[in-house]
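So the structure is just underneath, and the comments pick up after that.
Chain identifiers are assigned alphabetically (A, B, ...) following the order of the sequence lines, protein sequences preceding nucleic acid strands; residue numbering begins at 1 within each chain. Just so you know, these numbers use all the heavy atoms, side chains as well, and skip hydrogens, waters and symmetry mates. Just so you know, these numbers come straight off a predicted model, no measurement behind them.
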Number of protein chains: 2
Amino acid sequence: MAKTSQAAGLHRASLDKLHDLDAALELMYYGWRGMTLEADAYLAKQGLSRPHHRILYVVARRPDIAIGALLEVLGISKQALNRPLNLLIESKLVTSRRSPEQHRSKLLRLTAAGQRIEQRASDHERNVMRQAFDRAGSSSTAAWIAVMEAIADHN
Amino acid sequence: MAKTSQAAGLHRASLDKLHDLDAALELMYYGWRGMTLEADAYLAKQGLSRPHHRILYVVARRPDIAIGALLEVLGISKQALNRPLNLLIESKLVTSRRSPEQHRSKLLRLTAAGQRIEQRASDHERNVMRQAFDRAGSSSTAAWIAVMEAIADHN
DNA sequence: AATCTCAAGTCAATATAGTTGACATGAGAG
DNA sequence: CTCTCATGTCAACTATATTGACTTGAGATT
């Protein structure tokens, strides 16, 4: 459960660029790190980590999602989901109840405490993004979105 | 050593947005995935994975880097470096020799085979980026860089 | 020469994050 | 009464990382 994430030698290393786009590769790497660093530190203080956050994030945006649907969204196996989800349920951050009509599936929801933690963790990430967008200006924001969509939807 | 990375339920899940910037968080996530997906598949075919690529990438850009310096750049412990680096040396993708004047340190270099694999893996990533930049246009590229630098250098 | 320091290597234990395979349970549906 | 389906669970395995303790080999210091 990763403790307070120690040194985190986070200074973007200055490497020689062999290709034109090397800087872009490194920006993706350090960008991801920059966005998640504070959120991960916050989560670690709560005894949680990135997979727990992913679960909380999805359940917050799909209340009453069933286990199977959650597995699909997360793209992991049910065995991999098992531990982190059970921890969240035991810590009363997530509730699980059977569907009234479809008794086969379980419906997941965040408790108030779960919502609070999800919101705070995601806030750390959103704050990083907001500050970056503010600094770069609103037209840059639209351009950033266009580029990221092209990357995300590549093939 | 992650085999051929199976289904990869990679369709950007459509989640309700609770906040303005949720889309940006998801774009970072799927952007990282989009950039690394093909490179990871290529690396897996070579029996390698992301940590090996990181080592190859850094050594390619800092020939004759010492182990200690490499550890600093990568931000991991020497025990964590040990396995992947030894695999690369055993597979003759990386050479390690003692420094002529400073016999204490070892200097790392890529072999021709190591350079080839590093280049091909990184090419997969650069291709994704190049296509995205081409689609979005050159002014968008500059804006993307500005935003990513702000994110990476946050605090 | 004897010792101190420093880079690197190694051994062990642990945590986390994921996999596949096999099997159990409980509820609807036929 | 059985079949299917969603869920749950047990086991074994892989990979990536951690910390702590210790060794080795070479240079530098006293």
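A salt bridge between A:Glu149 and B:Arg135 is absent, with no side-chain N of the basic residue lying under 4.0 Å from a carboxylate O of the acidic one.
Under a 3.5 Å cut-off, the side chain of B:His52 and the backbone N or O of B:Ser49 do form a donor-acceptor pair. No donor-acceptor pair under 3.5 Å is formed between the side chain of B:Ser96 and the backbone N or O of B:Lys106. A donor-acceptor pair is defined here as one N or O able to donate and one able to accept, closer than 3.5 Å; no such pair exists between the side chain of A:Asn127 and the backbone of A:His124.
Between B:Arg54 and D:dA17, a side-chain N or O to OP1/OP2 separation shorter than 4.0 Å is present. Within the structure, every side-chain polar atom (N or O) of B:Ser77 is placed at least 4.0 Å from both OP1 and OP2 of D:dA17. Using a 4.0 Å cut-off, no side-chain N or O of A:Arg50 falls inside it from OP1 or OP2 of C:dG18.
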Could you go through nucleotides 8-13 of chain C and list every protein N or O atom that sits under 3.5 Å from one of its N or O atoms, giving the distance for each pair?
{"from": "C:dA8", "atom 1": "OP1", "to": "B:Ile67", "atom 2": "N", "distance (Å)": "3.2"}
{"from": "C:dA8", "atom 1": "OP1", "to": "B:Lys106", "atom 2": "N", "distance (Å)": "3.3"}
{"from": "C:dA8", "atom 1": "OP2", "to": "B:Gly68", "atom 2": "N", "distance (Å)": "2.7"}
{"from": "C:dG9", "atom 1": "OP1", "to": "B:Lys106", "atom 2": "NZ", "distance (Å)": "2.4"}
{"from": "C:dG9", "atom 1": "N7", "to": "B:Lys78", "atom 2": "NZ", "distance (Å)": "3.4"}
{"from": "C:dG9", "atom 1": "O6", "to": "B:Lys78", "atom 2": "NZ", "distance (Å)": "2.5"}

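If you take CD1 of A:Ile76 and P of C:dT19, they are 6 Å apart, rounded to a whole angstrom. Nucleotide C:dA7 holds its P atom 11 Å from the CD atom of B:Glu72, rounded to whole Å. Remark: P of D:dC10 and CZ of A:Arg83 are 11 Å apart, rounded to the nearest angstrom. Rounded to an integer number of Å, the gap from A:Arg97 CZ to C:dG26 C1' is 18 Å.
Here B:Arg54 contributes atom CZ and B:Leu81 contributes atom CG; the two are 10.5 Å apart, rounded to the nearest 0.5 Å.
A donor atom on one side chain and an acceptor atom on the other are found under 3.5 Å apart for B:Glu26 and A:Tyr57.
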